[in-house]
A.B. asks: 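Please find one structure pasted underneath; my questions will follow.
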Amino acid sequence: VNFSTPTRTNVRYYRSGTNLVREYPLGTVKIIAINIGHLKFVKTGSQMTINIQAQTTMYGRTFSFVLFENVKLRNE
């Protein structure tokens with residue numbers, strides 16, 4: 001998904017393998033989360049729903065994390 005900032009510079013968030021990546025400025029990539037199994041952005045009007053699911057195994061146990069977040073977009 002691409003977000004435009006007020007300076008018209010693109011910020012990109014996307015999944016690469018199991019990594020959640022933020023690209024800003026163009027060409028500068030930073031991994032901001034690992035073990036991401038699902039990433040979905042849904043825009044409805046000025047609202048965006050973000051769904052992130054992560055899972056990892058440590059010490060023989062599986063840990064899962066699910067996040068649903070609604071945010072209001074600015075500068076639309």
Side-chain angles (χ1 to χ4, degrees):
V1 99
N2 290 313
F3 296 97
S4 294
T5 62
T7 60
R8 300 194 186 280
T9 304
N10 286 331
V11 177
R12 292 183 64 212
Y13 291 91
Y14 57 91
R15 196 174 72 146
S16 176
T18 60
N19 296 325
L20 177 57
V21 176
R22 178 180 191 252
E23 184 176 351
Y24 177 80
L26 185 63
T28 302
V29 174
K30 182 174 183 179
I31 296 171
I32 59 174
I34 61 172
N35 298 319
I36 303 299
H38 180 79
L39 175 66
K40 184 176 182 180
F41 297 91
V42 177
K43 183 178 179 280
T44 306
S46 64
Q47 292 284 116
M48 180 166 295
T49 302
I50 304 166
N51 177 355
I52 302 173
Q53 298 176 19
Q55 184 173 323
T56 191
T57 302
M58 292 175 41
Y59 307 111
R61 294 185 63 193
T62 299
F63 297 90
S64 298
F65 175 77
V66 177
L67 172 70
F68 284 94
E69 191 68 37
N70 290 311
V71 295
K72 183 171 179 161
L73 303 175
R74 302 180 308 164
N75 301 323
E76 228 185 314

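Worth knowing before you read on, the calculation uses all heavy atoms, side chains too, and leaves out hydrogens, waters and symmetry mates.
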A.B. asks: Under the rule for side chain to side chain donor-acceptor pair (under 3.5 Å), what residues qualify as partners of S16, not counting sequence neighbours?
C.D. replies: none
A.B. asks: Can you list the residues that meet the side-chain contact (heavy atoms from CB on, under 4.5 Å) rule with L67, with sequence neighbours excluded?
C.D. replies: I52, F65, E69
A.B. asks: Please name all residues satisfying side-chain contact (heavy atoms from CB on, under 4.5 Å) with R22, sequence neighbours left out, ordered by chain then number.
C.D. replies: V11, Y13, Y24, I32
A.B. asks: Measuring from N19:CG to N35:CG, what's the distance to the nearest 0.5 Å?
C.D. replies: 8.0 Å
A.B. asks: My understanding is that only one of I50, N51, T49 makes a side chain to side chain contact (heavy atoms under 4.5 Å, CB included) with F41; could you say which?
C.D. replies: I50
A.B. asks: Mind listing the closest non-hydrogen atom pair of V29 and Y14 along with its distance?
C.D. replies: CG2-OH, 4.0 Å
A.B. asks: Please report the shortest heavy-atom distance between H38 and R15, naming the atom on each side.
C.D. replies: N-NH1, 3.6 Å
A.B. asks: Linking Ile, Leu, Val, Met, Phe, Trp and Tyr through side-chain heavy atoms less than 4.5 Å apart, which residues share a cluster with V66?
C.D. replies: F68
A.B. asks: Tell me every residue that passes side-chain contact (heavy atoms from CB on, under 4.5 Å) with S64, counting only those two or more places apart in sequence or in another chain.
C.D. replies: Q55, T62
A.B. asks: Under the side chain to side chain donor-acceptor pair (under 3.5 Å) rule, collect the residues that match up with E23, sequence neighbours excluded.
C.D. replies: R12
A.B. asks: Between I36 and A33, which heavy-atom pair has the shortest distance, and what is it?
C.D. replies: CD1-CB, 3.9 Å
